[in-house]
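Since the structure is predicted, the reported quantities are computational estimates derived from the model, not experimental observations.
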There are 2 protein chains.
Amino acid sequence: MSIRVVVVDDQALVRGGFAMVLGHQDDIEVVAEAGNGLEAIEAARTHRPDVILMDIRMPEMDGLEATARIVDEANWPVRVLIVTTFDPDEYVYKALRAGASGFVLKDIPPEDLVAAVRTMADGGALLSPSITRRLIGRFAERLAVDTAVSHRLERLTDREREVLASIARGSSNAEISDELFIGAATVKSHVSNVLTKLGLRDRAQAVVFAYESGLVEAGDHDIGH
Amino acid sequence: MSIRVVVVDDQALVRGGFAMVLGHQDDIEVVAEAGNGLEAIEAARTHRPDVILMDIRMPEMDGLEATARIVDEANWPVRVLIVTTFDPDEYVYKALRAGASGFVLKDIPPEDLVAAVRTMADGGALLSPSITRRLIGRFAERLAVDTAVSHRLERLTDREREVLASIARGSSNAEISDELFIGAATVKSHVSNVLTKLGLRDRAQAVVFAYESGLVEAGDHDIGH
DNA sequence: TCCGGTCTCCGCCTCACGGGGGAGGACCCC
DNA sequence: GGGGTCCTCCCCCGTGAGGCGGAGACCGGA
């Protein structure tokens, strides 16, 4: 069972180059090529490939939009590898958001591209080193901020941190009282202490602090209904 | 100029294997080996390598602690590649937090390890495909949440979104009034509308919403002084 | 033994906050 | 012209929130 690939790029030359490199591999078969997003969707429907090499800048419909639609409607495990000349952050995030599983630059060595396709077919994900670096950078940055600010968190007692966590969920004093099984007056004491120790004015600022300090993280809990 | 590498692992056999694979490359030179974190720090100081292959689980001092100290005190561009048998999330994040630039599993094919070392030396970063995938997953997840909740944001007028953004910075009504050059009464109107439209109770919950919806992101602005 | 920290709780006081309801002006579209 | 939305501003009113001071109980260390 070879890996079935569709190559999407508006430049026939580039498309041909990729197809040739991949086609020469025993375990890879280029089943179709497409010159824009619409053709890509059509090709995906018809051939149900394992992997799609997708350019971003194309006429008619760009690769991001096409990726989103293909991933959305596909009922088989298709994986999209974005292959582009440009690498601005926005493209990467949009691509990942659209459902792409990989993102590499066109200057990638042929053997690496082949390896990338195999990785994708195996269910893995892959980013260009420079892009991976930025992703890591983002994470490391956030974590660094976390550690820096968490010093102030240490000044709080365990109970006060619990109260702060409740505040950060949007709880009122009465709700915190229920959540922690303590009296309303006690909650007020704790809240006052938290605000004083952290140099904050009100619970809204406490929520900001909780998020910025990493005590809670966006996505930790649901909002609304 | 060959790439100078230090290999750190408590198992001599593993260490030897890595050293042999890397040593056979023309452009890579293994300048030292270490059996635990303390030795790693010492070796890093002495040899000032370009890349350090670092195991995590080791006696005396583990690889994460050693990585943190080395990266912290190094005044040359050293890059640490974590090479481990285990891949739980926590390790990855701790490693990146400690300052590692890469994270791969020990079952990596030799040629890939060599490529990884070269990537690191070039200033790139690298994660195992499975780990990259999870990183991407996290991002995609967050972005998905972003889009889902941002629908509700669209119900707000431009001015109301501005007010919400101010609330999310921890501003009081009076401060928002100054920031937006509008009267205090106007601010109250906007705040009321925001809360009503979003189904929230008070400004604290509005802050939570702002973070969870992606309107603001942790790290967007400073907190405290 | 006493001291300090923590957790618990009680008043009292002030006020910013938020709800309700209303109103005028600017703009746009039919 | 009329209807719609948005931004602006006003008053009244109730209450949750936060500051301040005090207090009893527990526990661990000096």
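- No salt bridge links B:Glu73 with B:Arg69; every basic N to acidic carboxylate O contact stays at or beyond 4.0 Å.
- Taking atom CG of A:Leu200 as the reference point, atom P of D:dG19 lies 10 Å away to the nearest angstrom.
- As rounded to whole Å, 10 Å separates atom P of D:dG16 from atom CZ of B:Arg201.
- Within the 4.0 Å cut-off from OP1 or OP2 of C:dC17, at least one side-chain nitrogen or oxygen of B:Asn173 is found.
- Considering only heavy atoms from C-beta on, B:Val191 stays 4.5 Å or farther from B:Leu164 through its side chain.
- Taking side-chain N and O atoms only, B:His190 has no distance below 4.0 Å to OP1 or OP2 of D:dC6.
- Between B:Ile182 atom CD1 and D:dT8 atom P there is a gap of 5 Å when expressed in whole angstrom units.
- The separation between B:Lys197 atom NZ and D:dT5 atom P is 10 Å, rounded to whole Å.
- Of the candidates B:Leu53, B:Asp55, B:Val5, B:Leu53 is the only one forming a side-chain contact (heavy atoms from CB on, under 4.5 Å) with B:Phe18.
- For B:Ser189 and D:dC9, a side-chain-to-base donor-acceptor distance below 3.5 Å is present, hydrogens and geometry of angles not being considered.
- Distance from the side chain of A:Val191 is smallest for D:dG18 among the nucleotides D:dG18, C:dC17, D:dC7.
- Between B:Ser192 and C:dG19 there is a side-chain N or O to OP1 or OP2 distance below 4.0 Å.
- Per the geometry, CG belonging to A:Leu195 stands 8 Å off C1' belonging to D:dG18, to the nearest Å.
- Counting to the nearest Å, the C1' atom of D:dG16 and the CG atom of A:Asp178 are 15 Å from each other.
- Taking atom CG on B:Leu180 and atom C1' on D:dT8, their separation rounds to 13 Å, with Å as the unit.
- Side-chain proximity of B:Arg159 to C:dG18, D:dC9, D:dC7: nearest is D:dC7.
- One atom, NZ of A:Lys188, and another, C1' of D:dC20, lie 11 Å apart when rounded to the nearest Å.
- Which of D:dG18, D:dC7, C:dC9 sits closest to the side chain of A:Thr186 comes down to C:dC9.
- Within the 4.5 Å cutoff, no side-chain heavy atoms of B:Ser166 are placed close to those of B:Glu175.
- Of the two residues contacting DNA chain D, namely A:Asn193 and B:Val187, the nearest-nucleotide position lying further toward the 5' end is that of B:Val187.
- You'll find the side chain of A:Leu180 stays beyond 4.5 Å of the side chain of A:Val187, heavy atoms only.
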